[in-house]
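Single-structure report; data block below.
As the structure lists them, so they are numbered: ligands from 1, and atoms in each ligand from 1.
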Amino acid sequence: FGYRQNIFSPTALPYDDEQEGLKDQITIHFSHVVAENTPKGIAAEKFAQLVEEKSDGHLLVQVYPNSMLYSDDNELDALLKNDVQMIAPTISKMTDMLPNWQVLDLPFLIENNEQLKDVLNGNVSQSLLQELETVHIKGLTFWSNGFKQIASTSPILEVEQFNGKRIRMMPSNILRKQFHLLQAEPIATPFGNVYRDLQNHLVDAQENTISNIYSKQFHTMENHITLSNHGILAYAVLMNEQFWNELDEKYQQIIIESLEEMQNWQFEQAQKFNEQNLQDLQSDPNVTIYELDEANKQQWKEKLHPIYEHYKNTINDQYLDDLLDELN
Ligand code: LMR
């Protein structure tokens, strides 16, 4: 047999296997950190189903949810080593490697799902995707998980209530800046550790989407939820570059077609999951949900105002203007 990778890699597969039925069968290992019943979880399964159908079973996608294979702090390294062929990290988690990507972490820029869809399909996002070539990763597309809210062990409505709060965040300098401006204490930890950190009282709050809060039961401890929609949560769907380059062109085309075919469906599912999970939370007597009213939102925005000049002066002076042009 020939092997695509060294035989110790889980992707080691016979690529000219003589056994009947296995000829030219390729498996893509797709690792992610959230639960199956989430916008990213069902998107990974949908992608697997489309790719298998379109390739008549020759191209298989094995999905590993819930950080069961790799967690936040090692999935990107595993992708670069081709120990896993696909991951879909939140954009925030790519910002250390690609600082310009922080533009999509800026608060209170994108206001609704339509704008979010336009931005993820827009020119700035395409430019960001192209930057992946500089780090030898194949960027395939963006998926959505809607808007981030604040989940906390005590109410956070007025901006002063952020003071001193230990807030779990994703590893992104602009998110660190965001929470420093709000006078909170940002703590970057992997998604898979958040539940335990809450149990051990290591954090007081976090920003996340309703689907991530509900699917991991964070609300059983962070039972005060402020609907702030202050930021977006979107995913970069990534493939190992060497694996992509070695794929037969017909399989590359199947992957592209499958992702294009499911793009709008994925955005709709993100909206549906977050709406459904919000209803689930609203029916939980132990959870208190607050709408961020205009007066409090203005207070948050005033505190956060320096973050935009900070991005333009220290990270990239063009992308923010381009994004604002796309939004207007
Ligand atoms: C988080 O770390 O909170 C999210 O990025 C998890 C995810 O992949 O949605």
Provide the closest heavy-atom pair for I232 versus F147 in the form atom of the first, atom of the second, distance.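 Heavy atoms of I232 and F147 come nearest at CG2-CE2, 3.8 Å.
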Within-4.5 Å side-chain heavy-atom neighbours: F108 and K297: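 Touching, per the 4.5 Å side-chain cut-off.
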List for me each residue that meets side-chain hydrogen bond (donor to acceptor under 3.5 Å, both in side chains) alongside N113, sequence neighbours excluded, and say none if there are none.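 Partners of N113 by the side-chain hydrogen bond (donor to acceptor under 3.5 Å, both in side chains) criterion come out as none, since no residue qualifies.
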Could you name the protein residues that come within less than 4.0 Å of ligand 1, counting only heavy atoms, and order them by chain and residue number?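 Residues within 4.0 Å of ligand 1: V33, V34, K40, D72, T90, K93, R168, M170, F191, N208, N212, L233, Y235.
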By the salt bridge (charged side-chain N to carboxylate O under 4.0 Å, His left out) test, which pairs, at least two apart or in different chains, include something from residues 100-127?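 Every pair satisfying salt bridge (charged side-chain N to carboxylate O under 4.0 Å, His left out) with a residue in residues 100-127: there are none.
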Has the side chain of Q149 got a donor or acceptor atom that lies under 3.5 Å from a matching backbone atom of N229?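 Here the side-chain-to-backbone pair exists.
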Residues forming a ring pair (Phe, Tyr, Trp, His ring centres under 6.0 Å) with F191, sequence neighbours excluded: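 Once residues adjacent in sequence are excluded, the partners of F191 under the ring pair (Phe, Tyr, Trp, His ring centres under 6.0 Å) criterion are F218.
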